[in-house]
Structures are given as C-alpha cells and as structure tokens.
Amino acid sequence: MIRVSRKILTFRKAFFKLLLTLFIFTLFSCVESFNYKPAHSEGSYLVVSGGINDLPEKQAFYLSRTTVYGTRYVEYIQGATAQILEYGNVVDQCKGLNYGGYQIDGDKIQPKPGRSYSVRIQLPDGNQYESTPEIMPYPVVPDSANMDVKLDLVRNDQGAYVSQYNIHIKITTSLTANGHPAFLRWNVPEAYSFTELSTGSLSYPKTCYIQEPITDQIIRIFSGGDLSGGKLVDYQVFSRSPSYLEFFYIHYFIVQQYSITRSAYNYWNRLKTVANPSGSFIDTPPAAVIGNIYNVKDKNEPVLGYFEVSSLSIKRIKATHADLLPTTVFNPCQIIYPTPDYCYNCLLLPHSSVDRPAYW
Amino acid sequence: MLAFRRIIWVVVLVISCYTATYAQNPDTVKTISGNYIHQKIPDILQDIGSRYGFRFFFRKDWLGSSAVTLNADNLPVTIFLDSLLHPAGLTYVFYYPSVIIIARSEDLAREFTQNYFIEKRRQQDFLQSDKMSEATDHIVLGDSSQIGKAREGLLKGQVFDSSNGEPLPGVNINIESINKIITTGPDGKFSVQLPTGSHFISVSYVGYDTKKFDLALLGNATWNIEIFPHAIQLNEVKITGTQEQSMVHSNVAGITTLTPKDIKSLTMFLGEADVIKSILTVPGVSTTGEGTEGFHVRGGNIDQNLILQDNAILFNSSHALGFFSVFNPDLVKNVTLYKGHIPAQYGGRISSVLDVNLKGFNDDKTQINGGIGLVTGRMSADIPMFNHHTTLIAGGRLTYSDWILRQAENPDVHNSQASFYDYNFKLIQKLPHNGYLSASAYQSYDHLQFTDQFGFKWKNITYGISWEQLFKGDYFNKLSYIYGGQDNQYIKPTNVDAYTLSNGLNYHKVKDELSISSLHNHELVTGIEGILYLASPDVMEPYRESSYVIPESIRRENGLETAVFVNDDYTISHLFSISAGLRYNYFVSLGPSTVYQYRPGEPYSISSGIDSVIYGSGQKIITYGRLAPRFSFKYSPTSVSSIKASYDRMNQFVHLISNTIAPVPVDLWQVSTRYLLPEYADNYSAGYFRNLAGDRWETSVDLFYRASSNIPLYKDFADLKLNPHLETEIINAKGRSYGAEFYIRKVTGNPSGWISYTYSRSMVRSGTQFPETTVNNGDWFPAYFDKPHQVNFVFDLQVTRGSNLSLNYSFSSGRPITAPTANYFYDSYIIPYYPGRNNFRIPNYSRLDMAYTIRRNVVRNHRYNDSVTFSVYNLLSRVNAFSVFFMRTGTGIADAYKLSVLGRAFPSVTYNFNY
C-alpha cells in the first residue's frame, strides 16, 4: 500500500513537471532575423530633421533625402536656402553647413516661448517648402534628474536570462507648461573625460572630453494631454550598462527635456510606432509619417520629417566609477592587453577634444 | 452501386403492386393522431409503426435527417403520409395491409412487374409481432426476378467493423423469425438458406453495438453488414449542416458538413476540442494567424460573420486571444456554417453565419461530461428532472494557467496573467400541448495582462428565454427574447497616466419565427426580428490613485435594427429545388449623440467641421431601409451529382472598429451612424457536387464572388481612442472577394478524411478625389487577411478498436503586411519609410498536427467512458511567421524580424470522460 502511494506521489510529481515543462514551452514566442528584400523604391523624398528651440545658441536643422532600405548612406541636400519665419516674417537667413546642415544664428534671433515660428526652404531644384507655423511651448524645467544602478534581468545573446547591473536615468518633472498640459520628449546624450597614461616625457598626460552621439533608438516621449497636471516622479528616460572606458573618470548624462507642441508629440508618437514596433497584433499598422512640411506648389508630395519648435531644459548628472557601486570599474588601460593606442593619445577616441566644456 | 440498383428495382416492383395491394383491404382506413415538432421522418415513422401497427420499409439515406413538424388529429393515414413524405420528394405504397414501402417519387414512375405481390408473404404472424417496433433498419434484399417464384433464398454476406472496414469473425446473427443463430467465419462471412419473406434479425458481437434489422428477403441475396464499435463519446463537437446527407443532396450551396468522426480526428492546440478551430479546416475559412481573434470566411473580415449561440449574438468568439473558442464543446449539439447561401431568417452580417445550437431537451438519462487538459478544465451536466418534464443543462470551463505563469523564468511571462472562464445554464420545461419553454444564461470572461505594459479584460453575456410551440395546421412557432452583449476594458497599469478604457455594446433581441411545413413541397419560414443596440459609453478613468488621468467619457450612438423575412424552400421536382427568401431591414440610428456637420465637398476632418447637432436619448438621427433578396437553386441531373448556385444580398449595421495589425478583443463595436454607413454585399456562389464510388467519396468545386460596400478602412495612424468623431478617421471603402474551393472527402471506411484547396482573394479599394481618403493611389490592394492559397488535409485512421491516429495539415499563403522600401534619418533615429499598404507578403504558413487517442472501457454497457489524447501541435516545429516587422537594434538600420507565435512543437495530454 505504501509502495502504491509512493508511486502515486512520484507520478504526481512527474505529471506536475510535465505540465510545467509543456506549458512553459508554449509561452515563448519566437523572434528571429528575417531576410527581407524590399520592392523597388519609388523615388526619394525630402526629409527635414531638427528645429528651433528657445536656447540662445547656434542651432541647426538638416535636409536630406530618403535612401534605399537597408543602406546607411545618407543623401544630404547641400545648396538649399532656408529662412526662419516668426509670425510669417523672415527673421533669419540660415547658413549652410556640411552634411545638409543649416544653421540658425542665435545672435540674430532670440526665439521666445509663446511666439510662432516656421521654416521656409528652397531646394536647388527650385522647389519651395514651408512648415506649418507652430507656437513655441513654454519650457518645463525638470525638478530633478538622478541616477541609480540596479540589477536587471536581461536576455543575453544565447536567449538565456541573466542578471546585469544597469544605470537608470530618472527624472522628476512637472507635467504642465505655463499652466497648460505639457508634451515632453527626452534625449540623453553623454559625455565623459579620459586622461591618457603618462608616457614619461616632459608633457603632462592630456585629458580629453568626449561628446558621445546618441545611439539609443528608443523614442521617449510623454503626453500630459489627458492629465490634470501632476508630476512625473522618477520617470525613467534612459538606461544603459556601465563600461570601463566611459566611467573610469568623469561621466556626464545630459538630460535634454524638450517641451514640444501637441502636434509634434503626435508626430513623435507616430515615429515611435514605426521605429519601435513589437511585431505583435497590437501594433498600429505602419505608414509613412508625414510631418508639418509641405511643398508650396504641390501639397500632395510626400515630405518627411518635422520642423520642431520647442523649448529645451537641460539637467546634467555627473557620475564617476564611485557612483556605480556595487559595480566595479577598472581603468581599461591597466587591464586591456595590448594597451590600446588611445591610452597614450586620447584624441584617438572618436568625438574627443581637449576643449573642456563650460559645464564641466 | 449494384446493391443500390437492386434496391431500386425492388422498390419499383414493390410499388408496382400498389393496385393489387390496395385491393387487399390495406389499413388505409386507420386514422393517425400525433404532434411531431421538428422530428426526423424515420423517428415519426417508428412512432406511427409502434402505435398503429404499421411496418415501414425504406432506405434511410432517402429520408435524410430533415426535421419535420406535423400535427395530426385523426388524420387518415394516407393524408398523413402524403403530408409527411411528399415535401421530401417521397411517396409510398401499401405492400400488405400494414406494411408500407417508401420510395422516392421518381422511382414510382418507372415500369414495374405486376405479379410481384401475387406471392403473398407467409410470415404474417411475424408481421404482427411486437418485434417490429424494435427493429431499427428496414431493408429489402433479393433479385426481383425471383419475386413470386422463390420460396427460399440464399442469404450470404460478410460482417465488417464500420470503423476500419475489417471483417469480423464470430459475430452472432440471430434470425429470430425462425429461431436460428449463425456465426460468421474467420473472414467474417456467413451464409444461410432462408424462406423468402420477412425476417427479424439481430447482429451482435462483444464490444460492438447490437444491430437489428427488419428484412424483406425476395430471393437469393448478398448482404454486407457494418456494425459499430461500442465507442465512447469523446468531447468532440458534432458539426452538421442542414442535413446529414452528402453535399450533393443538400438543397443549397455553401453549407459545409463535418461529421463527429471528422471533428474527433482534428488535433487542436493543447489538445482542446474546439468549434472555431474545427471550422478552420473547412475550405474557404481562414484566420489571420495564431493568437488572433475570430475567423475569415470567403474573404470576409471577422466582424462580417454572424455568430449565434442558441440564437443569441456573440460579438467575440475567442478566449485567450483566439487560442480557444468561447463555446463549451461538451454542450454543443450542432454547428452550422452558412458561407454561401444564407436563408432570409438570418441577417445582420455580410459574410457568413455560424449558428451554434446547444443541447436541448433530454428526457432520457443524466449525462455528465468533462475533461482536463494542460491549462483548462471543464465539466457539464445534462439532467432530466421532475418526471422528465424538465431538463437542466449546466456547464463551465476555466483555465488555471496563472500559477504556471508564475513558474516561468522569463520576467515578462512571470509577471503576466492569462485567465478565462465561461459557464452555461439552460432550463427547459416541456409544456402540456407540444411546446417547450426554456431559459438560458451564458457568460464568458477573459483577463490578459502582459507585465506592466497593458492588459485586456473582456466578457460576453447572454440571457434568454424562448417559447417553442406547435400549433394546429403544422405551424411551428419560436418566440425568443435575448439580452446580451459584451464589455471590454483596456488597461494601462503604470505611471501617472495609468488608465482604464472601457467600452461595450449590449442588445435586446426579440425574434419570432414561424415555420410552416405542411405546404406541398414547400418549407416556409417567416418572421420578424428586432434588435435594440445600446452602446455603453467609452469611459477612460485613472487606474490608480497616483494617476493624473482626467476621467472622460464619450457617448456612442444606439441603434434599432428591425427585420421582416420570409424564406421558402421549394422542391419543384426531383431534378430542381430552390430556396428563395426576402428580408427587409430597417435601421434607425438613435441618440444620444453629438453629430458633427462638415463642409460639403470636403473630406471629414476636424478642420472641415462647421457645426454640430445634439440628439437626445432615443432621438432618431438617421434611418436606413434595405431589402435583402436571397435565392438559391439546385439542379440534380443524377442521384450522385448536383449543380447549385445562389445569390444573396446582405446588410450589416454593426461594425468592429479596429486599427491594429489584427483585431484585438477590446476593439470597439459601433452601430451604423450618419457617417459610418451600413455595409452591404452581393454574394454569388456556384458549385458542382458529385459523389463517387457509391457515395464513399464526396467531391465539389465551389466558386464565389462578393462585392461589398462601405467597408470601414482607416486613415494612417487613425486615432480611435475616445474619439467623438470617428468619421474623421474612417473611410467607407469598397471591397471584393472571390475564389474557388476544391474539396474531396472520403466519407466512410477506414481511413477517412478530406483534402481541400481554396483560392481566395480579398481586396479593398478607397479612391476618392481627396488624398486624405485615398489609399494606395486608389488602386485595389489586398486586405490584411488576404491569403490566396490554402490547403487543408485531414486524415483519420482507426488503428485498433480503441484507438485512432489522426493527422491534420494546413498550408496557406503568407498574409500581406506593410513593409518599408526606404530609410531616412530624423534626429538621431533611422526611420523606415512605408510607401503604401500591404505591399509585401510574409512567408507561407505550414503546419502538421498529430493526435493519438486511446479510449478505455470500450466494452458495451459501461456508462463511464474515458479517453486520453496525446497530441502534438506543429509536429514539424515549423517557425511560421505571424508578422514581419522592422526595428533598429543598434546596427543603425531598421532590420527585418520575423515574429512567430507558436514556433515549435507543442505536445499535450488531454483526459476526457463522460457518464
């Protein structure tokens, strides 16, 4: 009798394991790379990227064209003329830069929240484009921006879940701009310093300041449109894993908080739909995201991009390896063999300069 | 085929004696009384036979299983039989004073031998015995040339297992009329010399159902007998059409019939028998993909299918995002899918009707069914009460997946929740004068929560009462009232903008349907129907105290849909029959609502709005009156082939508003408004049907075409959430679908199964003078569920008496998606550029399933039966794509990724039982 009971118990355990195993099998959907060969592209379209904000500094926006899917090549548009309009009046003639850039001269105009701005562009082929005028929103200054380091469960390259320390940048901010609902967008570029090794010569080792371009592709926006004010408290706007090179000395997270228009928010929200899909049934069907630029003579021409009129507030978070506890950060020049060249000449690091930023 | 011809001859000869027999004072003076409500002709004949001492001979397949309603009050037997048989294309003759032979009308016209009945039957005593009331099959055997000559005949033949066609040795054949028992040999064969005339014969074998025959032997004859294993009833669903005979003989096109054996053989995800999944094996029926709601019929969208459960409308047919259907398989009595011709008593959707009937009155024994699988359990009972005048039916299902989710390592899964339940109650009271009163309740509920990102809750409810009554003069009336509907909730659970968004659509439905079956060769159905749709407001509320979401609600329009209909199935001759109907719909859009006015000649948009009109509760906003003719005809050039064609105009006044990759269960149902126009479609269908090899094989080719209008299409990135002017986001588009279905099925024997190929296209077009409402340059483009090629293969093999193996294979073209053709840079982001809609097809879908079922207690007379089914879904572990999407992961370019919902094999074990 006892033997029978044990058998039953053993059977139950086995059955439980079977149930569990079988069901867990069912829980994993599968995402894998797909060899996509696009249909031919029907021409290329103008793309306007960038805008104007309330900071009294030189700003730029960029003109380019769409390129064939799968290529990294960017077809910049040089030789265009661009004007900034305030209430329909030209207030600045933009200066052409390299890589399709057009600079807004902060000395000539002082954009102010509450005023209307737009852009007028004439391409070398004579086509003329304008953006829909937008009222510059009032800035929303974050109450605070802070950083923490937390153990997260992440999936590694083999598909297994592993624990990993991540840096999280969080912000606390109001959700109103001058008494109106705020529409917010964040970028978090980074900068760090790096001091090269002493070579024993008479010159002191240099310290370089590296401004990292934004590589994160997650669009971070928030709408206060349906809210009765309130605050975002410790709202995560960025996360990354630590690295030796960037955190051994001083590292800055530069939290850029844009106060944007409702229309711009809708545009970013659509970009988010097409740029950060999940692939599941709940996604909104993708489509061409049309912004606020139009061809003056042919309004049916698809024009991509958006001339954003925004207010910008910045918070900087300074971090050193001591702030990354309990993680440990070593000097890469002491643990990597052979010693990288940048350890003796930090200007070899991409985007590096010995000019110390004003905020440092 | 030879046997069939022989029987035809016999019947002809038998009929030839009509005059002579009539002269022998047959029992034509007897009068018949009885009320038969929707009963099958064989059942009625059996009842008449037992009560009045008649014996009937007929071929069962001639009589079919059509339900007949007949009220007789001291009616002469000849008139009674005329009323009963003529509408079915049958007639009868008196063979002996109390023996009646039934035949098809056309066979009566043939020449016959006059002398047959000169030889009188010598078994008159036996004719009067009470054994005849027990006989189940009445057959006539023998060569007509022997009629009147032979006093004895050699009866020989073979006994087979019906499930696998194997001959059975040792079977007892008891010829009770002469008290003789013979046994089949090792090869199942038997041979016996018998006097010509009538014999009562029973065939019995251990583990098999005893089969009884009432045999008229004319001379030497060969007789092959099939007997059935005493098999348990699994928890499969029996799907039948309007008739159980082959597609060749059904009167209208586009009604597909699956037998219980077909369904039993189907392997479903996680081993669950499932109505919707079973229907997906039918040609012309498809789904968007695994893990999606609903089903598509002949190129129609999921909201274009009218789904009825005991006459109650269900807006949502799925649990757990389509992995299970909302129908409890233990409680389903039959399922009919109308995908071609739709009789006029149905309306409200333009694509198809799925009519699910639950179990009805039970005056026999209590039945209990249940089952347990990996994630769900179910139990149901069917209980006669109060001297068998009342029946209580109750059943429920629930899932217990949550605790298993907690064991998962994946944090997303670990923190998710997926649960559902449903229950049915039904109480049926038999009334004194041929009537039934029933009350029913049904509710299904789902909760799906995906980590802290989003959650869905949705439920269906229906409560109904109905009164079925047979009145004098063969008028059968069914009056029903149903309150039902659905409520949905979307949940965003985190952050200061945490909120819930709720919506729903409820209805009151009253329908009165009168069936008149006494008209010569006509089956007339007429009635009225009214549905009052009451839309719950769209309500957004903060989800938790820390949320700053401003509560907001939007009222949606109500609507009243009324209809009057008449439908007549008319058998013109044995060659031609038609089904013609007319349905008139009148729809009223009702307040409360704020209806916006727009500048004439401009597309609806916020900027073109010029005014608004506020309508109070119940105030009429706009009306639509629509006529919907239906017509179908059948031409049967031979007894094994037919040609059918149909035309149906369909109207639809409720629409599923959805702008996601595939519909989700919390999508909004919206009645037609001033701007969201009623959908309508003209459906055409034509097919050729032919049986082969003595009806063992069915084949068909069916063509269809549908032209539809006012199909809701959405502007890019349509904002449907709490939008008080949906018309600014929706385009009333044109649709067309067309295709062909090829089907071949082995109906009997072992193995059995079918293979079908469907070519089906579903296209949409929106071309206007305005770019805002023009999609893909105004050209026709494929709908998101357009899958041109589809193949289904179902194979079932009875391995042993207690086990069977089944295979199910599905193939379909990949569905279209919207894919980019270019990139561009914006800010620091690389954005894919999408030039148009549905311009790329994902890879084809292919899946093979296998199941092996072991039944225990196959020994006869055991009331408790159970079975275990081992099944593997997606046996070949094919990674089928649900979608292809484009996302940048750090390499700089938006790479393509394939999402597969069930990308591996899924073994499962299911235990089923009944008592």
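Lettering follows sequence order; numbering is per chain, from 1.
- Neither the backbone nor the side chain of F770(B) comes within less than 4.5 Å of any heavy atom in chain A.
- Checked options T67(A), L63(A), V47(A), T66(A); the residue passing with E75(A) is T67(A) (criterion: side-chain contact (heavy atoms from CB on, under 4.5 Å)).
- Y36(A) has its ring centre less than 6.0 Å from the ring centre of F840(B).
- A 4.5 Å side-chain heavy-atom check between V274(A) and F717(B) finds at least one atom pair inside the cut-off.
- Heavy-atom pairs under 4.5 Å with chain A peak, among Y714(B), Y499(B), F456(B), at F456(B).
- Your options are I831(B), V549(B), D827(B), and the one with the most heavy-atom pairs under 4.5 Å with chain A is D827(B).
- Contact count versus chain A (heavy atoms, under 4.5 Å) is highest, among D497(B), D719(B), T292(B), for D497(B).
- Ring pair Y235(A)/W186(A): centre-to-centre distance below 6.0 Å.
- The cationic group of K299(A) lies under 6.0 Å from the six-membered ring centre of Y294(A) and within 45° of the ring axis, placing it in a cation-pi geometry.
- Looking at V879(B), only its side chain comes within 4.5 Å of chain A, counting heavy atoms on both sides.
- For V289(A), the parts sitting under 4.5 Å from any heavy atom of chain B are the backbone and the side chain alike.
- For the set P663(B), P771(B), P820(B), the entry with the most heavy-atom pairs within less than 4.5 Å of chain A is P820(B).
- Proximity to chain A is limited to the side chain of F454(B), based on heavy atoms less than 4.5 angstrom apart.
- Among Y826(B), Y824(B), Y834(B), the residue with the largest count of heavy-atom pairs under 4.5 Å with chain A is Y826(B).
- Within the 4.5 angstrom heavy-atom criterion, only side-chain atoms of F885(B), from C-beta onward, approach chain A.
- Contact check on K721(B) versus D538(B) returns no salt bridge, with no Lys/Arg side-chain nitrogen under 4.0 Å from an Asp/Glu carboxylate oxygen.
- Contacts with chain B were tallied for N35(A), I290(A), N187(A), L175(A); N187(A) has the most, counting heavy-atom pairs under 4.5 Å.
- Between chain B and the options P38(A), P302(A), S228(A), the largest number of non-hydrogen pairs under 4.5 Å is found for S228(A).
- Contacts of D667(B) classified as side chain to side chain donor-acceptor pair (under 3.5 Å), with partners at least two apart in sequence or in another chain: S658(B).
- The residue among N838(B), V884(B), N839(B) with the most heavy atom pairs within less than 4.5 Å of chain A is V884(B).
- Heavy atoms closer than 4.5 Å to chain B are found nowhere in Y76(A), neither backbone nor side chain.
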